[in-house]
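Single-structure report; data block below.
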Amino acid sequence: MANPIYSALPTTIFEVMSALARETGAINLGQGFPDEPGPEAIRRHAAEAVAHGYNQYPPMAGLPELREAVARHYQRFQGLDLDWKSEITVTSGATEALACAFLGLIETGDEVVLFAPTYDSYLPMVRRAGGIPRVVRLQPPHWRFSRADLEAAFSPRTRLVVLNNPLNPSATLCPPEDLALLAEFCVRFDTVAICDEVWEQVIFDGAVHQPLMALPGMRERAVKIGSAGKLFALTGWKVGFIAAAPALTQTLAKAHQFLTFTTPPNLQSAVAWGLANSDDWFASMRADLAASRDRLSQALKADGFTVLQSAGTYFLNVDLAASGIAEDDMSFCLRAVKDAGVAAIPLSAFYESDPVTTIIRLCFAKRDETLDEGARRLAKARELSRAR
Ligand code: PMP
Ligand code: GLN
């Protein structure tokens, strides 16, 4: 009656935890979205475009003004030379871009290398597209892969590798030597890299984002995915982009045309305006988020929690075991949201088998008072857990 991949699939943890937070009135440090509403000027452009702009189907590949703005953005910030006409596609969020990549590029039986923890949409979509996942486990606290890991995972049947950098949920950046190693394997095995770089601008402490596409041999074999939701802290907008060489873009367009065909034109035009007018925004967003990260981290450390380093994304991770909590991540998170009024994400949700069960992820893209109260409630959750 139903496709077994979907019928066996649990509801995504982000929705599960946000629904529990809504029901219980808990502070939501689970799903990654900011407290603040996002840059007002960009929202005003969207409102203006709804009221007075063009609201019918835009071109399938996206508004030319947005595709040009995306190419210019990547030129300015990452030194990439992309032709907007043949190499940029606008999608309905990075989620659709990922679906286009998996449906458009995988043939039944192709092997796909992924890294765990794995963002939750990847594995079901890879399987539904007929791919056979080969999962490389990354180990905390550095969450890096080795040459031996790649030797074991790649084979002549490896069609794709999926790299999420910066990595959600570990909040780490892939070091340059690891990017170079991965590029070497992609070239050697003639593998296309799906580069989920939605967090590319959300990086701290002076870090510079390095796209895998810029490495030798990768220009023709990288599918680079971005999201305006993360660039502008407008996570509900679902405006994504794919940058890829013309031959790949042509195939991805065939998947895109029957997934969504287009993305709301008013939001596209506001994002295009935002990309051309936001150098100050990127700097202030990073500074504000780094301050929020430090605030939550210090409050948790003062309460005796062991906090893992966060180099990017909206997230930091807490090691429950090292914080004196002898409870697995899922049951701790359920207790925290139901009994202590704070939602978090258990890291085990990013594993299909043999999960890491001692770490929880917290979103710090929140106002100071939310963070302070969230930290207090997490301390309460720990007391409740210890008193079991
Ligand atoms: N990939 C990763 C790694 C993400 O963290 C997210 C959302 N936070 C997405 C994809 C989906 O992005 P979008 O909302 O643009 O679909
Ligand atoms: N990517 C967001 C997160 O990691 C959630 C996106 C979603 O809810 N699908 O929290």
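Only this structure's heavy atoms are used, side chains among them; waters, hydrogens and symmetry mates stay out. Start at 1 and go down the list; that is how both ligands and their atoms are numbered. Index from 1, following the sequence.
Glu48 has no carboxylate O lying under 4.0 Å from a charged side-chain N of Arg44, or vice versa, which leaves the two without a salt bridge. Electrostatic pairing of Arg147 and Glu177 does not count as a salt bridge here, judged by no charged N lying under 4.0 Å from a carboxylate O. Salt-bridge annotation for Arg293 and Asp205: present, with a side-chain N of the basic residue lying under 4.0 Å from a carboxylate O of the acidic one. Salt-bridge annotation for Asp279 and Arg76: present, with a side-chain N of the basic residue lying under 4.0 Å from a carboxylate O of the acidic one. Electrostatic pairing of Arg157 and Glu107 does not count as a salt bridge here, judged by no charged N lying under 4.0 Å from a carboxylate O.
At the top of the distance list for atom 9 (N) of ligand 2, counting protein heavy atoms only, stands Tyr119 OH, 3.6 Å. Scanning all protein heavy atoms for the shortest distance to atom 16 (O) of ligand 1 gives Thr95 OG1, 2.6 Å. Atom 1 (N) of ligand 1 has Asp196 OD2, 2.6 Å as its closest protein atom, hydrogens excluded (heavy atom only). Counting only heavy atoms of the protein, atom 7 (C) of ligand 1 lies nearest to Lys230 NZ, 2.8 Å. Of all protein heavy atoms, the one closest to atom 8 (O) of ligand 2 is Gln31 NE2, 2.7 Å. For atom 9 (C) of ligand 1, the closest non-hydrogen atom of the protein is Tyr119 OH, 3.6 Å.
Only the side chain of Arg361 comes within contact range of ligand 2, with a heavy atom under 4.0 Å; no backbone atom does. At a 4.0 Å heavy-atom cut-off, ligand 1 touches Asn164 through the side chain alone. Only the side chain of Phe315 comes within 4.0 Å of ligand 2, judged by heavy-atom distances.
Of all atoms in ligand 1, listed by their number and element, those nearer than 4.0 Å to a heavy atom of Trp199 are 3 (C), 4 (C), 5 (O), 8 (N). Short contacts between ligand 1 and Lys238, defined as distances under 4.0 Å to a heavy atom of the residue, involve ligand atoms 13 (P), 14 (O), 16 (O). Atoms of ligand 2 lying under 4.0 Å from any heavy atom of Phe14, numbered from 1 in the order shown and given with element: 3 (C), 4 (O), 5 (C), 7 (C), 8 (O), 9 (N), 10 (O). Listed by atom number, the atoms of ligand 2 under 4.0 Å from Gly32 heavy atoms are 3 (C), 10 (O). Each of the following atoms of ligand 1 lies closer than 4.0 Å to a heavy atom of Gly93: 15 (O), 16 (O).
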Fill in: side chain to side chain contact (heavy atoms under 4.5 Å, CB included) between Cys100 and Leu259, worked out
CA-CA 8 Å; Cys100 288; Leu259 278 171; 3.8 Å; yes

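Put simply, the side chain of Trp281 gets close to the backbone of Leu231: a donor and an acceptor are under 3.5 Å apart. No donor-acceptor pair under 3.5 Å is formed between the side chain of Arg188 and the backbone N or O of Ala183. Not a single donor-acceptor pair under 3.5 Å links the side chain of Arg377 to the backbone N or O of Val342. In this structure, Asn277 contributes its side chain and Trp273 its backbone to a donor-acceptor pair below 3.5 Å. At least one donor-acceptor pair under 3.5 Å links the side chain of Arg43 to the backbone N or O of Gly38.
Considering backbone and side-chain atoms together, Ser227 places an N or O closer than 3.5 Å to an N or O of ligand 1.
In the candidate list Ala94, Ala97, Pro169, Pro166, Ala94 is nearest to atom 13 (P) of ligand 1, counting heavy atoms.
Between Asn168 and ligand 2 there is a heavy-atom distance shorter than 4.0 Å. Taking 4.0 Å as the cut-off, Trp237 does not count as a neighbour of ligand 1 on heavy-atom distance.
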